[in-house]
Student: 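Right, I'll just put the structure down here and ask away after.
As the structure is a prediction and not an experimental result, all values here were calculated from the model.
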Amino acid sequence: MVDPVDIHRIAGAALLGGAIILFGAGYAILHALSRLSGSSVLAGFSLLCYAALAACVGGLAVLLHLWGLWLVLVALMLTGYFIAPRFIWRLSEQVHEGDSKKE
């Protein structure tokens, strides 16, 4: 029989994993929208989504008892989630800048 504590840990990990995906998507979408509109309010909300993402990642690390090299992987994941939308935005600007020069 499965220990009830393990069931709570598995369910919590599943919920936190889903929240990580949702907050990561929210951060990326709000970051792009803030850059399109120039809105500092949307930029603030995007950073709020990232903070919620980081909190969920921290909760997941504690819940699953991730220590040692696993924390390095967690830090790399958080860094990637923060940097990726910024690089994608710059790539999109460069690609579309070339399109406007052709016309």
Student: Return the CG to OG distance between Leu33 and Ser46, rounded to the nearest 0.5 Å.
Tutor: 9.5 Å
Student: Distance check, rounded to the nearest 0.5 Å: Arg90 atom CZ versus Ile88 atom CD1?
Tutor: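 The CZ atom of Arg90 sits 12.0 Å away from the CD1 atom of Ile88.
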Student: Applying the 4.5 Å side-chain criterion to the ILVMFWY set and letting contacts propagate, would Leu47 and Ile83 be lumped into a single cluster?
Tutor: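 Yes, Leu47 connects to Ile83 through the hydrophobic network.
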Student: Could I get the full list of ring-ring contact (aromatic ring centres under 6.0 Å, His included) partners for Phe45, not counting sequence neighbours?
Tutor: none
Student: Using residues 64-81 as the side-chain source, report each donor-acceptor pair under 3.5 Å to any protein atom, sequence neighbours left out, with the distance given to one decimal.
Tutor:
residue: Thr79; atom: OG1; partner: Ala75; partner atom: O; Å: 2.8

Student: Rounded to the nearest 0.5 Å, what's the gap from CD1 on Ile20 to CG on Leu15? Could you check?
Tutor: 11.0 Å
Student: Does anything in residues 20-40 pair up under side-chain hydrogen bond (donor to acceptor under 3.5 Å, both in side chains), and if so which pairs, sequence neighbours excluded?
Tutor: Tyr27-Arg86
Student: Side-chain heavy atoms nearer than 4.5 Å, only ILVMFWY residues, links allowed to pass through others: does that put Leu53 and Leu63 together?
Tutor: yes
Student: To the nearest 0.5 Å, what is the distance between CZ (Phe23) and CG (Leu30)?
Tutor: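 Spacing of CZ (Phe23) from CG (Leu30) equals 11.0 Å.
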Student: Enter the distance from Ile21:CD1 to Leu16:CG here, rounded to the nearest 0.5 Å.
Tutor: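 CG of Leu16 is found 12.0 Å from CD1 of Ile21.
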Student: Hydrophobic clustering (ILVMFWY, side-chain heavy atoms < 4.5 Å, transitive) - are Tyr50 and Leu60 grouped together?
Tutor: yes
